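Presented below is the structure to which this report refers.
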Amino acid sequence: MKKRYIRIVMAVVVAVLAGTVAVMAGKTGKKADSDKAKARYFYVEGSVALAEGRPSEAYELIKKAALTDPDNAEANYTYALLRMTLRNDTLTTPTEVEKSIARMRPYVDMYPNETEEAMNYSFLVARTGDIDEAIRVAERSDTLAGSMPAILLQLAQYYTAKQDMDKAISTLERYERIEGNDPDIALRKFSLMYAQGDTARLLNESARLVRENPLSTEYLLIRGNAMEALEMPDSALVCYQQAEVLDPDDGKVKLTLANYYLERGDSAAYDQKSREAILSENIMLEEKLDMMTRYMQNIISDTTADQRRGARLFDGLLLQYPHEPKVLDLGAQYSATIEDYTRAQELMSYATDLEPENPDYWTRLAHFYFIAEDYANAMATCEKALEKLPETPRGLLLVYGTASSLAGEYDKARDVYQKLLDMELPGALLTDDAQTMLQKAGKLPYESLMRVSDYFQMAGDGSFKTGDIERSTKEYDVVLVLNPDNYTAINNYAYYLAIGGGDLDKAEELSRKTVEEQPDNATFLDTLAWILYLKGEYQEALEIQEKAMDSISPDAESSSEYWDHLGDIQYRCGQKEKALESWKKALDLDKSNKKIAEKVKEKRIKE
């Protein structure tokens, strides 16, 4: 087997074209018997099929060759490789891989000078964990081939896996004597020395490389990295600064310095070097984006930092890549993080213009409008995206449906939820009752089942807001059948039943279930208190509502309803002065609420 796959196959194809296939005997020698002849025939035909792009047919023919003549080492080697490259789980289990490797070994030992086949075999053996066998074959190939660089690299890897650091290092040094100094090899050697705890050797070797390569910033950076690993930060900084003097425009040096200053909390120096790295020419875009991502994460996680300072770095990056969608995307995400939604929308809109087929860009643009509470533009973006994209992204539809609901367009939202439901469970309808949906969705994977439940919940919320209590109740019945532990849904259902004039006893039963599960949840407590209020059980309602008030942020805008409920309950309990104070607090938090304003003005609940 002088050549692997293409090399063998091309030789066979040439033989076929010359009319000489019949004389190809391979390395198995002259025809010994009919089985061997058949095996050779199958092998040649299989090689031709492989060359002509018929892998399945090739596999069956070469398999026949191997099974017909178990001594045909070449056929067995090729059969083994095909077994492992087929997309067939049953042939790539650990047990089957070991069987394939066993078929390869006779060929490797029969023809040890076939270096490529031997090293392929050693690689596969190493992957199974048999490092000793991988080393045996690789060492033999190294001896026979005369120190080929590729073999040395692979052999060093096996020695490392064997934890034989000395042999790994000496093998890499042999590689260097052939190929010359190489920063990547130096890093591998230093990692091995560090793992050995051989500090002196590490420092001496890194110093030698710096001396031998006086014009290279890479070896200064490598030595600096070694110093940092050995907890010698001042010495590391000297190396980095020397590298910067050597090449003031080297972006990798700037990036290394930026990371150094970041580790030591020097944000001013970090910002400066990050900006210089961003503006450099010898750092690839992907590296710059990665750096900006980490930079963004660091600023966001630091609550004391000026989070807007990252905008300056993005401006520098945008000057270099004004029409690069990935840069626009990252800049938009950062802008949204610091709540500059207008800039986020502008950048993301341009990204969608440049790459209109990218569904993630459209989804993020719609989301940026959504979180800015610009529901009309969020919906318009979704509609535009749906016209342009060949497939409908689930995330985009979720934004579309939610934005439509918050904009009061409940029918449109309901249509979107139906589309989402159909994507998850074709044939399912929002009009299906609980038992029907349980039958349809019963075999769905858990995550899909939860999404179906969520779509019914969103539809149920919309139905309630349109005043269709009956439909909302039916949809919430589906939610609780599919996800009986969804306590937020149970709470919503109970609340809707209560304020919609439904079954208060059922509402109380559901609400108590949520409070038992989460006794300090202010929303659940408020719901239970209000249900008891509607049932005329004012004293218990007051006790529970007071507990709810202990669990909320008293000045949050969303707490206006809690204060209003507390006031109503206090009023029914005869605490009219306290009720008035609670209503005033509710009105302070929601000044446009006419019903609360009337209670404050009249100092009573209008009967």
Side-chain angles (χ1 to χ4, degrees), residues 89 359-360 362-363 366-367 370 379 382-383 385-387 389-498 500-503 505-507 509-511 513-514 517-518 524 527:
D89 291 342
D360 293 337
W362 285 107
T363 302
H367 179 68
F370 178 84
M379 293 162 60
C382 292
E383 289 162 2
L386 292 173
E387 292 175 0
L389 295 172
E391 295 183 0
T392 305
R394 180 189 294 116
L396 184 76
L397 286 179
L398 282 171
V399 176
Y400 189 23
T402 309
S404 299
S405 180
L406 290 172
E409 296 197 30
Y410 300 114
D411 289 341
K412 182 176 288 187
R414 187 176 181 82
D415 289 341
V416 175
Y417 300 147
Q418 179 59 59
K419 287 181 182 177
L420 284 163
L421 179 60
D422 195 54
M423 287 172 64
E424 209 69 50
L425 186 61
L429 300 171
L430 289 173
T431 54
D432 287 337
D433 61 29
Q435 290 308 310
T436 301
M437 274 308 303
L438 187 60
Q439 291 174 355
K440 289 183 177 181
K443 293 183 179 180
L444 283 177
Y446 178 77
E447 289 186 0
S448 292
L449 188 66
M450 293 303 98
R451 283 194 287 268
V452 168
S453 174
D454 289 343
Y455 303 151
F456 272 91
Q457 183 174 344
M458 290 185 283
D461 291 342
S463 296
F464 177 81
K465 289 170 184 175
T466 61
D468 194 337
I469 305 303
E470 182 179 352
R471 189 169 72 181
S472 176
T473 299
K474 183 179 177 181
E475 286 157 351
Y476 262 90
D477 282 337
V478 174
V479 175
L480 299 188
V481 164
L482 298 182
N483 186 8
D485 294 327
N486 184 340
Y487 292 99
T488 299
I490 296 172
N491 174 77
N492 291 355
Y493 189 16
Y495 191 66
Y496 293 164
L497 280 174
D503 185 339
D505 289 335
K506 182 178 180 180
E509 180 184 349
L510 291 169
S511 184
K513 183 179 179 181
T514 67
E517 183 66 25
Q518 298 181 29
F524 295 174
T527 296

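Here, residue 1 is the first one in the sequence, and each next residue gets the next number. Note that this is a predicted model, so its numbers are computed, not measured.
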Is there a side-chain contact between Lys474 and Glu470 in this structure, where contact means two heavy atoms from C-beta onward sitting under 4.5 Å apart? no

Quick one: does any side-chain atom of Ser404 pair with a main-chain N or O of Tyr400 as donor and acceptor, under 3.5 Å? yes

Residue pairs passing the ring-ring contact (aromatic ring centres under 6.0 Å, His included) test where at least one lies in residues 460-495, sequence neighbours excluded: Phe464-Tyr496, Tyr476-Tyr493, Tyr476-Tyr496

Hey, is the main chain of Leu429 close enough, under 3.5 Å, to the side chain of Asp432 for a donor-acceptor pair? yes

Donor-acceptor pair, distance only, cut-off 3.5 Å: does the side chain of Asp422 make one with the backbone of Ala428? no

Between the side chain of Ser405 and the main-chain N/O of Tyr410, is any donor-acceptor distance below 3.5 Å? no

For the residue pair Thr514 / Asn491, report whether a side-chain donor-acceptor contact shorter than 3.5 Å exists. no

Evaluate side chain to side chain contact (heavy atoms under 4.5 Å, CB included) for Leu510 paired with Lys506, printing each intermediate quantity in order. CA-CA 6 Å; Leu510 291 169; Lys506 182 178 180 180; 4.2 Å; yes

Sole candidate of Val478, Leu482, Val481 that passes side chain to side chain contact (heavy atoms under 4.5 Å, CB included) when paired with Ser453: Leu482

Look only at the side chain of Thr363 and the backbone of Pro359, and say whether a donor-acceptor pair between them is shorter than 3.5 Å. yes

Any side-chain to backbone donor/acceptor pair from Thr402 onto Val399? Under 3.5 Å, distance only. no

Go through the steps for Arg471 and Asp468 under the test salt bridge (Lys or Arg N to Asp or Glu O under 4.0 Å), then give the verdict. CA-CA 6 Å; Arg471 189 169 72 181; Asp468 194 337; 3.7 Å; yes

